[in-house]
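These notes concern the structure reproduced below.
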Amino acid sequence: MKTDSKPKEKRWIKPLPERLINKIAAGEVIERPAAVLKELVENALDAGSDRIEIAIEKSGMKLISIVDNGCGIAPEQIEIAFSRHATSKIRDFDDLEALTSYGFRGEALPSIGAISKTRMISRSEGAEMGREIIIEGGVVQSVKPVAALIGTRVEVADLFFNTPARRKFLKTEATESRHLTRTATAMALSSINAKFSYSVNGRQLFGIEDSSDNLEKRIASLLLGDRNHPLFGFYEDFEKVNITGYLSYPDKCRQNRYGLYLFINGRYIQSVTLNHAVTSGYGEMLPRGSYPVGAVFLQIDPRRVDVNVHPTKAEVRLSEEREIHDLLYQTVKRTIRGDESIGRKRPDLRDERSGGGNEPRSIEESIRRAKMLSPERKGLPPRETLDKLYGEGKTETDRGEAGPYERVPAEFSFLGGDSMEATVLERDELPGLAYMGQFSGLYLLFRSTKELLIVDQHAAHERILYEKNLFNIEKGGAISQNLLFPINVDLPTDQYALFEEAHDILRSVGFEAEPFGARTVMVSAVPTVLTRKSPEKMFTEILNDLEELRKGGHEIKKAIAQSLACRGAVMAGDRMSEEEARKLLEGLLQTETRYCCPHGRPIVFRISRDELDRKFGRK
Ligand code: ADP
Ligand code: MG
């Protein structure tokens with residue numbers, strides 16, 4: 001046994017100094033500049049302000065400043081406001097139940113003060129003068145009387161100056177700015193009685209001068225830049241939830257999901273499930289890869305909402321998430337179709353599922369109707385062809401399993417001693433080819449006047465899908481199938497990290513998968529080519545493949561393209577109709593590297609009449 005040679009020190013248990021506690025707490029509460037903004041604006045609103053001016057410099061790292069016209073802080077209290085768990089908003093436990101204010105933990109100011117250089121000037125009603133406090137890294141530098149208007153000004157400079165680890169953890173300036181703007185927008189959306197102004201680096205990004213805005217106008221003004229822009233609105237009072245919202249018509253949708261804001265009980269939240277409910281409510285009217293713009297406000301009995309899953313993340317936990325999802329989905333769907341005839345009856349969801357309303361072709365059709373079809377993509381077969389081929393609902397049974405990393409035998413060579421030749425198919429050959437049938441559930445046989453062609457159906461399809469995936473990764477346009485019921489997949493830590501790395505690429509190939517808790521991912525849509533198996537299975541298989549391929553040194557984009565191609569391609573044993581066989585050949589002709597599958601195995605072999613003649617001793 002190994003013994004510790006060091007003399008045992010006596011260890012005193014001591015409370016941590018408050019400064020250190022605050023710094024540690026700050027790490028949890030203040031994750032990024034946007035969190036400071038959120039806390040300060042919430043404080044301003046809690047103080048009854050109806051005019052809030054926000055100024056940001058250098059994505060909040062240099063300065064975040066908030067000026068409000070609220071009730072202010074009494075001079076003798078300004079220092080206490082920065083001490084831990086000091087709050088004016090709650091006195092005993094009963095208050096917790098009936099909470100209407102935003103903050104109540106009394107953590108924000110001390111946390112912010114601990115990791116920045118903060119100056120606050122505040123004057124309360126009845127006080128003759130204001131008071132200024134300067135606090136740096138949790139240490140009060142000065143407190144003194146100053147002239148001030150009633151209200152509060154907080155300037156947070158050099159955020160994270162004394163927590164380099166946290167600073168390093170921040171994303172790019174662009175990302176932090178986006179979070180800041182989103183936060184400011186959300187606050188302005190949810191407090192329509194207050195005027196807001198929001199400037200970044202001296203330039204005003206929005207200014208809302210009108211505090212008598214109605215909700216629709218404020219949403220249109222903030223999110224579409226024109227307060228008179230038409231939106232469609234809804235108001236539904238269900239037993240479990242009250243839903244109010246205004247959303248854009250499909251023509252104003254965006255290519256990213258940042259135009260949609262969700263609120264529960266006035267609080268801006270993030271919820272993959274509810275996002276999904278809104279987006280799928282548009283159904284086929286929304287082109288794939290587009291997202292609605294607008295804001296939806298839910299009122300739910302606070303006892304059914306746990307907003308404290310994480311103090312800074314806008315995540316919430318709803319006790320009846322599934323039901324709320326469905327109600328929201330139905331509301332959006334009903335309103336956008338202008339279909340009031342359905343009334344309040346809860347439509348049968350199962351019908352929805354088997355009705356196939358989400359099939360890619362009808363999505364495509366509706367896009368075309370809306371004249372929003374993107375220009376034909378070069379180098380790919382017309383979408384219809386692909387969709388037909390890949391959207392076909394094959395069953396899971398009767399197919400062989402194959403991984404994306406099937407080995408290509410080392411000795412394999414296209415030009416081996418074999419008399420058959422692996423070749424490239426040429427476009428002008430196609431009209432002269434007659435389909436003869438499928439051999440052994442895997443090889444497609446074609447004949448021309450001079451040759452027999454043998455096509456490996458899996459390898460061919462894989463090649464087509466692979467190139468299509470790569471195209472989608474670079475250019476977008478993947479077609480996915482929304483799951484009526486999003487699923488949660490728990491991942492091991494290392495796979496979760498891989499998921500995070502691959503997140504954007506997975507999205508570009510058609511997975512809608514969002515982090516949902518520590519190691520959980522919520523999958524709400526899968527690429528249409530993968531709809532034949534359970535989404536959970538597909539998702540984990542793809543991640544397993546990725547892990548494997550990454551170990552083999554594959555670039556992540558190619559690895560995903562490859563794994564998806566392999567998982568989505570027709571398998572050995574899949575029966576093919578003549579039409580499908582022909583479509584496959586057409587698809588193959590559109591590919592760039594059509595002599596081998598992504599694993600390097602050949603796709604097409606030919607046997608010529610001459611070859612056969614020799615074999616039969618005719619020549
Ligand atoms: P909490 O908001 O959870 O109470 P904070 O640390 O954010 O905790 O703020 C502490 C206290 O400081 C608040 O309870 C409030 O009394 C006071 N305060 C903070 N900001 C303002 C403000 N802008 N106007 C008036 N009072 C404020
Ligand atoms: Mg607060």
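All ligand and atom numbering here is 1-based and tracks the order in the structure.
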Practice problem: Measure from NZ or CZ of K333 to the centre of the six-membered ring of Y282 and say whether it is under 6.0 Å with the direction within 45° of the ring axis. | Solution: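 No, cation not above the ring by the 6.0 Å, 45° rule.
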Quiz item: So, is the end of the R182 side chain (NZ or CZ) under 6.0 Å from the ring centre of Y261 and within 45° of the ring's axis?
Solution: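 Judged by the rule, R182 and Y261 form a cation-pi pair.
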If you count the atoms of ligand 1 from 1 in the order shown, which ones are under 4.0 Å from a heavy atom of [X]?
{"X": "A47", "result": "24 (N), 25 (C)"}
{"X": "A108", "result": "6 (O), 7 (O)"}
{"X": "P110", "result": "6 (O)"}
{"X": "A81", "result": "10 (C), 12 (O)"}

Pairs of nitrogen or oxygen atoms closer than 3.5 Å, one from [X] and one from ligand 1: do any exist?
{"X": "L109", "value": "yes"}
{"X": "D46", "value": "no"}
{"X": "E39", "value": "no"}

Quiz prompt | Test item: side-chain donor near acceptor, D490 and T520, under 3.5 Å | solution =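 Looking only at side-chain atoms, T520 and D490 do form a donor-acceptor pair, the distance falling under 3.5 Å.
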Exercise. Just let me know how L40 lines up against ligand 1, side chain, backbone, both or neither, with a heavy-atom cut-off below 4.0 Å.
Key: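 It is neither part, as no heavy atom is under 4.0 Å.
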Quiz item: Step by step, would you call F539 with F511 a ring pair (Phe, Tyr, Trp, His ring centres under 6.0 Å)?
Solution: CA-CA 9 Å; F539 188 70; F511 273 109; 5.5 Å; yes
Quiz item: Using 30° and 60° as the class limits, which term best fits the ring planes of F232 and F234: parallel, tilted or perpendicular?
Solution: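 Ring orientation of F232 relative to F234: tilted.
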Quiz item: When the ring planes of F263 and Y268 are compared, do they come out parallel, tilted or perpendicular, using 30° and 60° as the limits?
Solution: tilted
Practice problem: May I ask whether G70 has any heavy atom positioned less than 4.0 angstrom from an atom of ligand 1? | Solution: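 No heavy atom of G70 comes that close to ligand 1.
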Quiz prompt | Summary of salt bridge (charged side-chain N to carboxylate O under 4.0 Å, His left out) pairs that have at least one residue in residues 272-283, sequence neighbours excluded | solution = none
